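First the structure, in the form of structure tokens, and then the observations on it.
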Amino acid sequence: MPISPVNSQFIPNASLSRSEMEELQRSLASIATFDDTPETPSPTALTDPIIIGVDQAFCDEQVISAVVAFRDGEIIERTYAVSPIELPYIPGLLAFREGGPICDALDTLTCTPDLALFDGSGRIHYRQAGLATHIGVIYDLPSVGVAKSLLCGTPQAPTDRRPVGWRTPIRADEQVDAQIGTTIGYAYQSKQYRPSATTSVNPLYVSPGHRVSAETATELVAALCTAYKLPRPTQEADRYAAEVKQTLR
DNA sequence: GCGACAG
DNA sequence: ATCTTGTCGC
């Protein structure tokens with residue numbers, strides 16, 4: 001059975017004003033769940049749940065939103081949607097640029113995912129409403145945000161030159177709409193840094209999207225990071241989006 | 001005015 | 001995100 005929007009009032013509308021977008025984010029953040037639920041997949045039993053990775057590629061005025069579904073480490077479905085770009089990139093409003101296209105792609109998925117991984121932040125966001133949280137709430141689906149750089153918040157410890165598996169909490173600071181000190185995610189070293197000093201590998205910034213805790217989100221990403229820096233679902237979605245992009249040229 | 005800023 | 005060749009290193 002396919003998934004469908006549960007909280008459709010949050011489906012991104014690119015024609016809203018900036019303040020209206022921010023207000024909608026505060027509203028959806030208030031109903032987001034940054035804790036594990038009975039339906040949250042267990043990081044130590046990842047053979048049964050269906051996990052999807054979502055990522056985008058851009059081509060002129062269009063966005064290719066790709067979704068790759070996994071079960072027991074195998075790809076069971078791939079789908080995508082091509083949508084018009086309706087908004088430029090604005091830090092803090094990424095969901096209004098990529099969210100619509102992502103919903104277009106998710107609505108063509110035929111399987112029923114138990115968890116979604118997104119390229120971008122979840123709770124690590126000024127209003128605790130990053131892309132992963134936004135889409136997770138719309139479908140009421142457990143979701144995790146995996147960003148390659150930090151949008152806001154402060155790492156508890158310096159993140160440079162850390163060994164694989166190392167992590168440190170990302171704490172809310174004055175620019176985050178949360179009690180200062182709240183753990184809103186983790187920096188996670190998924191790949192070894194270059195001992196050569198001249199080149200280094202930055203950590204991933206993992207945060208809860210919806211219905212998952214920061215700790216479980218990080219454990220899930222750790223379990224899904226195999227050969228690459230990015231977790232498999234996201235890595236494959238990235239590759240698939242690029243593959244589709246070539247087709248459109 | 002200055003600095004910061006997911007993709 | 002995207003524009004882009006070679007090159008250093010495991």
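All values reported here derive from a predicted model rather than from experimental measurement. Hydrogens, waters and symmetry mates play no part in the numbers below; they use all other heavy atoms, side chains included. Residue numbers start from 1 in every chain, and the chains themselves are labelled A, B, ... in the order their sequence lines are given, proteins ahead of strands.
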Show, in sequence, the C-alpha distance, side-chain angles and deciding distance for A:Ile102 and A:Gln56, and conclude whether the side-chain contact (heavy atoms from CB on, under 4.5 Å) test is met. CA-CA 8 Å; A:Ile102 287 174; A:Gln56 287 71 237; 3.2 Å; yes
Map every base of DNA chain C to its dot-bracket character, where paired means a Watson-Crick or G-U wobble contact with both distances under 3.5 Å and | marks a partner outside the strand. ..........
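A:His134 has its ring centre less than 6.0 Å from the ring centre of A:Phe96.
One atom, CD of A:Gln62, and another, P of C:dA1, lie 18 Å apart when rounded to the nearest Å. Separating the CG atom of A:Asp119 from the P atom of C:dA1 is a distance of 6 Å, rounded to the nearest angstrom. The interatomic distance linking A:Gln192 (CD) with C:dC10 (C1') rounds to 12 Å, in whole Å. Atom CZ in A:Phe96 sits about 19 Å away from atom C1' in C:dA1, given to the nearest Å.
Under 3.5 Å, the side chains of A:Ser30 and A:Ser27 contain no donor-acceptor pair of N or O atoms. Side-chain N/O atoms of A:Asp104 and A:Tyr80 include no donor and acceptor closer than 3.5 Å. Neither side chain, A:Ser121 nor A:Ser207, offers a donor N or O lying under 3.5 Å from an acceptor on the other. Under the 3.5 Å distance criterion, with hydrogens and angles disregarded, no donor-acceptor pair is assigned to the side chains of A:Arg162 and A:Gln189.
Under the 4.5 Å side-chain criterion, counting only non-hydrogen atoms from C-beta, A:Phe10 is in contact with A:Leu24. Residues A:Val144 and A:Val221 form a side-chain contact, since some pair of their non-hydrogen atoms from C-beta on lies under 4.5 Å apart. Put simply, the side chain of A:Lys245 does not reach to within 4.5 Å of the side chain of A:Leu248, judged on heavy atoms.
When the salt bridge (charged side-chain N to carboxylate O under 4.0 Å, His left out) test is applied to A:Asp238, no partner is found at least two apart in sequence or on another chain. Partners of A:Asn202 by side-chain hydrogen bond (donor to acceptor under 3.5 Å, both in side chains), not counting sequence neighbours: none found.
Partner A:Tyr186 forms a side chain to side chain donor-acceptor pair (under 3.5 Å) with one of A:Glu219, A:Glu215, A:Arg167 and no other, that one being A:Glu215. Of the residues listed (A:Ile3, A:Ile11, A:Thr133), the one engaging A:Ile138 in a side-chain contact (heavy atoms from CB on, under 4.5 Å) is A:Ile11, and it is the only one.
Using a 4.0 Å heavy-atom cutoff across all strands shown, A:Ile64 reaches no nucleic acid atom at all. Within the 4.0 angstrom heavy-atom criterion, only backbone atoms of the sugar-phosphate kind lie near A:Phe58; the bases stay farther away. The residue A:Gly92 sits close to a base: some heavy atom pair falls under 4.0 Å. Using a 4.0 Å heavy-atom cutoff across all strands shown, A:Ser149 reaches sugar-phosphate atoms only and no base atom. Within 4.0 Å of A:Tyr126, counting heavy atoms only, lies at least one base atom of the nucleic acid.
Proximity of a side-chain donor or acceptor of A:Glu236 to a complementary backbone N or O of A:Arg78 within less than 3.5 Å is not detected.
Pairing analysis of DNA chain B (Watson-Crick: purine N1 to pyrimidine N3 plus N6-O4 or O6-N4; G-U wobble: N1-O2 and O6-N3; both under 3.5 Å) yields no stem of 3 or more pairs.
From the 5' end on, the contacts that DNA chain B makes with chain A at under 4.0 Å to a non-hydrogen atom open and close at B:dC5 to B:dG7.
For residues 242-249 of chain A, proximity to DNA chain B is found at no residue, defined as any non-hydrogen atom under 4.0 angstrom from a strand atom.
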